[in-house]
Amino acid sequence: MKSSLAALAALAAAVPVHGQVTSEPFPTPIRATEGVIRVDYREFAALPDIAGEPARMMLLSAEPGGQRLFVNDMRGPLYTLQPNGSARLYLDINEGRWGHAVQSTSRERGFQSFALHPQFNEAGAPGYGKLYTWSDVSDTSPPADFVPGGDGDTHDTVLLEWTARNPTSRTYDGGPPREVLRVQQPFGNHNGGQIAFNPGARPGQPDFGMLYIGNADGGSGGDPMNLSQNPASSFGKILRIDPLGRDAANGKYGIPKDNPFVGRSGWLGEIWALGVRNPQRFGWDPATGMLFVADIGQNMVEELSPVPRGGNLGWNVWEGSFQYVSRQAVDASRLRGDPTMTYPTAEYDHADPILTGRAAVTGVVVVRGPAFPQLDGRILFGDNPSGEVFHVPADRLPEGGQAAIGRVLLNEGSQATTLLDLIRRKNVAQGRQPAARADLRFGTGGPGQIFLLNKQDGTVRLLVPPGR
């Protein structure tokens with residue numbers, strides 16, 4: 001405690017006289033009982049263990065033009081889920097024959113994300129059978145397309161394109177993948193994030209078939225190489241590419257002409273938005289088209305933020321609505337003080353008593369339509385370790401802070417409970433030690449289908465409107 005106080009005192013001396021350096025930017029906690037939305041759930045599917053350990057689920061999404069759901073395990077498998085919840089192995093990208101061994105050591109590395117081209121099931125279309133995977137790999141010998149500078153090279157993150165001959169086949173029936181791009185990672189933590197196509201884009205619209213890529217700031221802490229604000233770097237950015245194009249520097253993908261910084265001197269044309277730290281998960285509002293990102297913070301602030309075209313979300317000058325000082329503190333004296341930045345819609349701090357001692361934001365599902373009336377018009381996001389599910393209004397968006405944040409709790413009989421509590425009970429039934437954390441992720445299927453994933457009990461849970 002004495003060393004922490006000394007560090008804060010030193011930080012206070014380093015900022016302007018009127019600075020408000022704090023390690024707890026939100027002294028008023030998230031409301032535990034007010035604004036609660038209660039929903040039902042059912043266990044939808046179970047994924048197999050690997051070497052006795054539960055599946056490390058990261059993403060679940062619907063098959064374009066098909067009936068299946070796809071869900072991945074960080075260690076390499078990609079499964080399909082039938083409408084009745086039965087799981088089948090579709091592809092294991094870690095198989096030796098593919099030559100791209102997944103680096104899945106530690107909690108943060110592995111098969112990060114995947115995306116099926118919106119034309120996946122359209123015979124004769126350019127995107128027919130195309131599937132993209134975004135994974136950390138052990139082999140760093142091929143030259144990387146994007147390097148951070150310096151000597152660090154703990155592993156690479158690689159975007160691969162797989163082409164199925166018959167997309168409706170039970171298992172992947174195509175050949176080896178094509179490498180689209182490669183990123184050299186200087187540190188072992190928070191590297192790749194999500195990849196996705198905008199599900200609301202329609203053929204003929206500029207966004208149709210454009211792939212968004214979350215690429216974190218390279219790792220370590222505090223963005224030590226100042227990459228997130230570097231316009232020539234891919235790190236700390238959300239990128240947008242045309243995976244079927246060929247006009248990029250490596251000739252393996254295209255750079256959309258409507259990207260915001262195309263043609264600007266000193267700027268990387270692939271950049272859609274900058275100033276993110278660890279954009280693990282993002283999602284679109286189907287009503288407005290706005291993109292939202294759950295950007296994992298340093299040690300103070302977790303944020304849910306809009307991502308406008310060309311937006312700068314501030315990291316590492318800003319952490320959420322606050323000026324970044326260090327890994328121990330932020331400065332609240334110029335709250336949201338730079339009008340050129342894009343600030344969070346909602347944010348919370350690591351010290352909030354509703355959490356489990358650590359924090360990492362995750363998300364994002366914007367719910368629209370009558371299929372789930374309790375959640376209609378709400379943005380769903382959550383906290384990864386604690387498994388807490390949160391909601392804020394999607395209309396009349398809040399402007400930062402946590403006052404608007406409400407909880408989503410799960411009905412277990414007459415009681416309301418959390419995902420982590422459900423996981424712990426499942427663990428006991430499985431003969432495992434109850435989990436200390438949830439590692440929450442969201443998934444979406446057809447209209448109104450919202451799934452909760454985790455890395456502790458292998459169970460995919462489907463949220464259900466009460467009474468249905």
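Everything quoted here is computed from the prediction, not taken from an experiment. Each residue takes its place number in the sequence, starting with 1.
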Counting only heavy atoms not in [X], do more than 12 sit closer than 6.0 Å to its [atom1] atom?
{"X": "Gln67", "atom1": "CD", "result": "no"}
{"X": "Arg358", "atom1": "CZ", "result": "no"}
{"X": "Arg38", "atom1": "CZ", "result": "yes"}
{"X": "Glu95", "atom1": "CD", "result": "yes"}

Only one of [options] forms a ring pair (Phe, Tyr, Trp, His ring centres under 6.0 Å) with [X], so which one is it?
{"X": "Trp315", "options": "Phe322, Phe235, Tyr324", "answer": "Tyr324"}
{"X": "Trp162", "options": "Tyr132, Trp98, Phe70", "answer": "Trp98"}
{"X": "Phe451", "options": "Phe442, Tyr41, Phe44", "answer": "Phe44"}

Treating [X] as the side-chain partner and [Y] as the backbone partner, does any N or O pair qualify as donor plus acceptor under 3.5 Å?
{"X": "Asn94", "Y": "Asp92", "answer": "no"}
{"X": "Tyr172", "Y": "Leu89", "answer": "no"}
{"X": "Glu270", "Y": "Leu239", "answer": "no"}
{"X": "Asp173", "Y": "Ser169", "answer": "no"}
{"X": "Arg424", "Y": "Ala435", "answer": "yes"}
{"X": "Glu319", "Y": "Gln298", "answer": "yes"}
{"X": "Asp383", "Y": "Ser386", "answer": "yes"}
{"X": "Arg277", "Y": "Ile296", "answer": "yes"}
{"X": "Thr140", "Y": "His155", "answer": "no"}
{"X": "Asp295", "Y": "Asn278", "answer": "yes"}

Does the side chain of [X] come under 3.5 Å of the side chain of [Y] through a donor N or O and an acceptor N or O?
{"X": "Gln415", "Y": "Thr417", "answer": "no"}
{"X": "Ser23", "Y": "Gln328", "answer": "no"}
{"X": "Gln430", "Y": "Asp457", "answer": "no"}
{"X": "Thr163", "Y": "Lys130", "answer": "yes"}
{"X": "Gln449", "Y": "Thr444", "answer": "no"}
{"X": "His190", "Y": "Glu108", "answer": "no"}
{"X": "Arg109", "Y": "Ser104", "answer": "no"}

Between [Y] and [X], does any NZ, NE, NH1 or NH2 come within less than 4.0 Å of an OD or OE carboxylate oxygen?
{"X": "Asp49", "Y": "Arg56", "result": "no"}
{"X": "Arg107", "Y": "Asp439", "result": "yes"}
{"X": "Arg368", "Y": "Asp285", "result": "yes"}

Given Phe208 and Phe197, is the ring-ring contact (aromatic ring centres under 6.0 Å, His included) satisfied, shown in steps?
CA-CA 8 Å; Phe208 184 77; Phe197 296 96; 8.4 Å; no
Is there a ring-ring contact (aromatic ring centres under 6.0 Å, His included) between Phe282 and Phe292? Walk through the geometry before answering.
CA-CA 5 Å; Phe282 51 78; Phe292 291 91; over 10 Å; no
The side chain to side chain contact (heavy atoms under 4.5 Å, CB included) partner of Arg407 among Glu388, Arg31, His391 is Glu388
Candidate list His100, Arg182, Gln103, test side chain to side chain donor-acceptor pair (under 3.5 Å), partner Asp156, passing option:
Arg182
Please walk me through it: do Trp134 and Phe114 pass ring-ring contact (aromatic ring centres under 6.0 Å, His included)?
CA-CA 6 Å; Trp134 184 229; Phe114 66 92; over 10 Å; no
